[in-house]
There are 2 protein chains.
Amino acid sequence: MFVILYYDVNSKHCGKMVKACRKYLQWVQNSVFEGEISEAAYEKMILELKKIIKSEDNDSIIVYKFRQMKYYDRCVYGMDKKDDIQFI
Amino acid sequence: MFVILYYDVNSKHCGKMVKACRKYLQWVQNSVFEGEISEAAYEKMILELKKIIKSEDNDSIIVYKFRQMKYYDRCVYGMDKKDDIQFI
């Protein structure tokens with residue numbers, strides 16, 4: 001399946017989140033990752049991520065799941081954190 | 001079309017962003033919105049949003065566009081900001 005993952009976590013957890021997400025998905029920008037992933041790998045990733053997020057910090061993760069990669073455009077407005085130079 | 005919109009902006013712009021996005025899309029959580037939107041309304045929304053974001057604040061918006069709503073699941077882990085009580 002294809003997933004888009006977005007997280008909103010306390011800054012002290014950001015490093016671990018990025019590291020864990022990068023193992024399974026491609027980094028898009030800021031706190032957004034995307035990629036093809038198997039159900040098994042997804043479950044493994046979520047287990048890892050759940051260990052990082054803390055309820056007392058109001059940490060949150062949202063995942064959109066798709067049977068296949070179906071979006072036809074991804075637009076970035078403002079600062080493109082990928083190269084830190086683009087401003088449309 | 002169906003869009004998923006995510007923004008990462010300086011906190012001083014959050015109020016305006018939420019207000020503008022709510023006019024066109026449904027709020028999902030934190031800085032994430034989604035919804036069906038016409039091309040015309042999309043262009044109008046983006047014009048509004050571009051007036052809010054500032055390059056000097058490294059503000060950023062990402063939009064995923066879909067021809068139709070194709071995701072089959074949206075999972076929330078951690079704090080569900082919609083009701084501020086759920087922690088899975």
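The figures here come from the full heavy-atom set of this structure, side chains too, leaving out hydrogens, waters and symmetry mates. Predicted model only: the values in this text are computed from it and were never measured.
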Discussion item. Between F66(B) and F66(A) (judged by ring centroids, cut-off 6.0 Å), do the two rings come close enough to count as a pair?
Written reply: yes
Worksheet item: Hey, is NZ on K65(B) packed in by over 12 heavy atoms from elsewhere, all under 6.0 Å?
Response: yes
Item to complete: Give me the one residue out of I4(B), V28(B), N30(B) that meets side chain to side chain contact (heavy atoms under 4.5 Å, CB included) with Y6(A).
Response: N30(B)
Fill in: Residue-level interface, residues 33-44 of chain B with chain A, non-hydrogen cut-off under 4.5 Å
E34(B), E39(B), Y42(B)
Worksheet entry | Between CG on residue D73(A) and CE on residue M1(B), distance to nearest 0.5 Å | 9.0 Å
Fill in: Candidate list L49(B), L5(B), I62(B), V63(B), test side chain to side chain contact (heavy atoms under 4.5 Å, CB included), partner Y77(A), passing option
V63(B)
Discussion item. Please report the interatomic distance SG(C75(B)) to CD1(I46(A)), rounded to the nearest 0.5 Å.
Written reply: 7.0 Å
